[in-house]
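I have placed the structure first, in the form of structure tokens, so that the comments after it can refer back to it.
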Number of protein chains: 2
Amino acid sequence: MEQIDLIIAARWILPVEPENATLDHHALVVHEGVIRAILPAEEASEKYTATTRIDRPDHVLIPGLVNAHTHSAMSLFRGMADDLPLAEWLEQHIWPAEGRWASNQFVRDGAELAILEMLQGGTTCFNDMYFFPDTVAGLAVEYGMRISAGMIVIEHPTVWAQEPSEYLSKGLAIHDQYQDHSLVRTCFAPHAPYTVSDETLNRIRVLSDELDVPIHMHVHETAYEIEMSMKEHGCRPLDRLDRLGLINPQLMAVHMTQLDDGEIQLLADRGAHVIHCPESNMKLASGHCPVTALLAAGVNVALGTDSAASNNDLDMFGEMRTAALLAKSVTGDATAVPANAALAMATINGARALGRAKETGSLVAGKLADIVCVDLNKPACQPVHHPASQLVYSASRDQVTDVWIGGRQIVAQGKVTTGDEAEVLERAAAWHRRLADDE
Amino acid sequence: MEQIDLIIAARWILPVEPENATLDHHALVVHEGVIRAILPAEEASEKYTATTRIDRPDHVLIPGLVNAHTHSAMSLFRGMADDLPLAEWLEQHIWPAEGRWASNQFVRDGAELAILEMLQGGTTCFNDMYFFPDTVAGLAVEYGMRISAGMIVIEHPTVWAQEPSEYLSKGLAIHDQYQDHSLVRTCFAPHAPYTVSDETLNRIRVLSDELDVPIHMHVHETAYEIEMSMKEHGCRPLDRLDRLGLINPQLMAVHMTQLDDGEIQLLADRGAHVIHCPESNMKLASGHCPVTALLAAGVNVALGTDSAASNNDLDMFGEMRTAALLAKSVTGDATAVPANAALAMATINGARALGRAKETGSLVAGKLADIVCVDLNKPACQPVHHPASQLVYSASRDQVTDVWIGGRQIVAQGKVTTGDEAEVLERAAAWHRRLADDE
């Protein structure tokens, strides 16, 4: 009998790799933060002696969910200005509020709220883009959560930096600081083609190559963005990025609601990743990312919630469901994005896009133990004919009972163990009072 | 000081009538099952002495949600056959399973599971269509829930009846039995234009007029249905129903994904109601109900989940969100179906469609006290800038803490007080084993 740290046995395990697998009455064996084995529960009991053994008889274990695009601090703007067109929403509400309020303290309080929400909802890794990414990275470490911190770059001055060099040097300082930290990775995060110059994008491409760091960028979010680019640059934004050498396996292109067949093929040929944010795109009426065509072409498509200002939550269960339903709806094909494909988009595809597939995104031996346990013994999820169907089409974020990240239990009985929820909620409510007084 | 049964004070009340109102620090005063008053909490304390006083400082009170279209017993088929085209789903999975399994006991166990799920999720009234409606009506009464029981009619024989006269006589017996019961109303429920003959529809129209009872029917669910009708009858189903005199204020036409401008105007002119089931339509790739155009024309549009076999849950919070997001997405207009409109569709519009707007659907003095309390002090819902936004775009069914129906508390601390959840879940799990053995 081998002595190990942890055995988690459950009614079902959906490891995501191999594709579409459902394991009945299996166990995950975890030692020193790493998945040692995944095998029938009975066999696990025969082979291993565990310091901690956990049994979840009505539950399904899945890999930690990867939120591949968010702006966590913006949770403080949740529901502040809904049901408005994108331009009015941004120009009359979000940007003025950011100009007035987006301080380091705002980012800390907003990101902490977001981290609590994400952890409770089974998200173990998030790809963030906002000001003060150092603050958000520090919080993720405090909470024991994985982050890909965006080294944000915008051509114009903001509260975070004055000009591209300063953005880059501040970002690279974070990259250096966390070089050896298992929870934190970094991405270059040029905001969008329309807010970053060719010169700066060139510099980012060179740095991305040198440092082997991904690039996280909003691309083709709306038809208006394409029109503007045609006027200003005489070409579509993707053409411009292509000329700058940016369409490559480091690129995470977020939104992509405007794509022609040639562009889909280009993305496939170059191995670029697409981050699909269906709820944000629907809420802002931005258009549809052609997910089914992208997947058919072999493009890796991951899922993101976008910020709670345009979603209005950071719920990857909801996002999986919406992705599956929307794909069927826009193609008129009920077989589009089946449940297992939605689950893969929310896990392994996100890990691949972030360049973190060796560490997370599926439950296989050798990967870090990022594990989520979901209780299916609820009226909304019984009977369980196919656990993947229940996860995607009927389970809610509130059915997450446990979350482990790198083998450390971060959520137990639905509560985050590494922070004080009441304090975080009180700080969020205080921000409401501040913002409301300002109106 | 007047002595009354119950005061419920909350941080916010969204009464739905008047339209778009948000009341801060108000209370609902309830006596003998009826809303006596809705007024500032301080005033309530001065005017009334309550046998029971409940304070919900971080919560919002809304009218009980009305699920205007479901087949509750089909919850036992939840997730049994997903990600399939409608025809294959129905013909190769649902219909054979119904033929094999849809007994009175199946309906009892399935409907009880559905009732638990709906109550926990804040639904206080449902419009049901399935076999053994007497059984479902009896269960609703046991649980203290409002039902509009469908007097189902299909031209062909099923487990419930052999031919139209028998369907009608069995249905009318239920109508008579519950004539004076405040929880139970009935609707004629001819399944669809393609499964019921002109002769039977004529008879139903006459009975509906005589008895003042609504008619609940699937209409224009798919393009295929229109094609078939053109072949068989030489006209679209709505034309046929119009010739039969069925397009009138008693009609609840469910789905309606195929509508031209003339048909939208016809529905408006005649005061017919449309029941929108966005998640089911998306999942089965049936098309989009033109909700924005219908509302603009003045048609009353209510919301239904459809059954858990095609949704896969009975969650009206999810349905409100999907209705709001889908409307924006298909119109390209981010202002379509704002949060308050989605809430109205899930409450007062449903009550109107069912002919029950005098008793339920909004929180106004004189109506029955059908009240739902939702806790917004959760990481996914803070800060609260606008409670209607939080309800529609970020709250989940699991945040429902209390439900009162006719002043009686049916859900407390998220648990149904009138049934045994563990038993119901065990019976549902047993149905999984039976259905799985059969595969």
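In what follows, chains carry the letters A, B, and so on, assigned in the order in which the sequence lines appear, proteins first and then strands, with residues in each chain numbered from 1.
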Query - Test side chain to side chain donor-acceptor pair (under 3.5 Å) applied to Glu319(A) and Asn311(A), step by step - result: CA-CA 9 Å; Glu319(A) 214 65 32; Asn311(A) 184 302; 3.1 Å; yes
Report task. Could you walk me through whether Tyr393(B) and Phe317(B) pass ring pair (Phe, Tyr, Trp, His ring centres under 6.0 Å), step by step? Result -> CA-CA 9 Å; Tyr393(B) 295 121; Phe317(B) 284 85; over 10 Å; no
Query raised in the report: How far apart are the C-alpha atoms of Thr305(A) and Asn67(A), what are their side-chain angles, what is the distance that settles it, and do they pass the side chain to side chain donor-acceptor pair (under 3.5 Å) test?
Result: CA-CA 7 Å; Thr305(A) 58; Asn67(A) 187 345; 2.9 Å; yes
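Using a distance-only test at 3.5 Å, with no hydrogens or angles considered, a donor-acceptor pair links the side chain of Thr418(B) to the main chain of Tyr143(B). No donor-acceptor pair under 3.5 Å is formed between the side chain of Asp82(A) and the backbone N or O of Ala339(B).
Glu421(A) and Gln120(A) are linked by a side-chain donor-acceptor pair at a separation below 3.5 angstrom, with hydrogens and angles left out of the test. A donor-acceptor contact closer than 3.5 angstrom links the side chains of Gln382(A) and Asn377(A).
Here Leu325(A) is the residue among Val424(A), Leu325(A), Asp313(A), Val392(A) with the most heavy-atom pairs under 4.5 Å with chain B. Taking Ser389(A), Ala380(A), Ala428(A) one by one and counting their heavy-atom pairs under 4.5 Å with chain B, the maximum is reached by Ala380(A). With respect to chain A, the highest number of heavy-atom pairs below 4.5 Å among Ala429(B), Ala422(B), Pro387(B), Ser396(B) belongs to Ser396(B). Annotation: maximal heavy-atom pairing with chain A below 4.5 Å, among Pro85(B), Gly332(B), Ser75(B), Cys381(B), occurs at Cys381(B).
With a 4.5 angstrom heavy-atom cutoff, Val416(B) does not touch chain A via any of its atoms. For chain B, no part of Val330(A) is nearby; none of its heavy atoms comes within less than 4.5 Å. Of the atoms belonging to Ala114(A), not a single heavy atom falls under 4.5 Å from chain B. The contact between Val384(B) and chain A is made entirely by backbone atoms, counting heavy-atom distances below 4.5 Å. Proximity to chain B involves both the backbone and the side chain of Leu116(A), based on heavy atoms less than 4.5 angstrom apart. For chain B, the nearby parts of Leu326(A) are the backbone and the side chain; heavy atoms of each come within less than 4.5 Å. Contact of Arg321(B) with chain A is made through the side chain alone, with heavy-atom distances under 4.5 Å. Proximity to chain B (any heavy atom under 4.5 Å) is restricted, for Arg397(A), to the side chain, taken from C-beta onward. Neither the backbone nor the side chain of Ala308(A) comes within less than 4.5 Å of any heavy atom of chain B. Within the 4.5 angstrom heavy-atom criterion, atoms from both the backbone and the side chain of Glu279(A) approach chain B. Proximity to chain B is absent for every atom of Ser286(A), based on heavy atoms less than 4.5 angstrom apart. Contacts of Asp333(A) with chain B are made by backbone atoms alone, with heavy-atom separations under 4.5 Å and no side-chain atom involved. Heavy-atom distances place the backbone of Leu84(A), and not its side chain, under 4.5 Å from chain B. The parts of Leu113(B) that come within reach of chain A are both its backbone and its side chain, each placing non-hydrogen atoms under 4.5 angstrom from that chain. Proximity to chain A is limited to the backbone of Ala395(B), based on heavy atoms less than 4.5 angstrom apart.
Trp431(B) and Trp101(B) have perpendicular rings, their planes meeting at more than 60° on a 0 to 90° scale where under 30° would count as parallel.
Using a cutoff of 4.0 Å between basic side-chain nitrogens and carboxylate oxygens, Asp83(A) and Lys328(B) are scored as salt-bridged. Of the charged side-chain nitrogens involved, at least one lies within less than 4.0 Å of a carboxylate oxygen, so that Asp24(A) and Arg11(A) count as a salt-bridged pair.
A distance of 10.5 Å separates CG in Asp109(B) from CD in Glu426(B), rounded to the nearest 0.5 Å.
Residue-environment remark: CD (Glu19(A)) stays at or below the threshold of 12 foreign heavy atoms within 6.0 Å.
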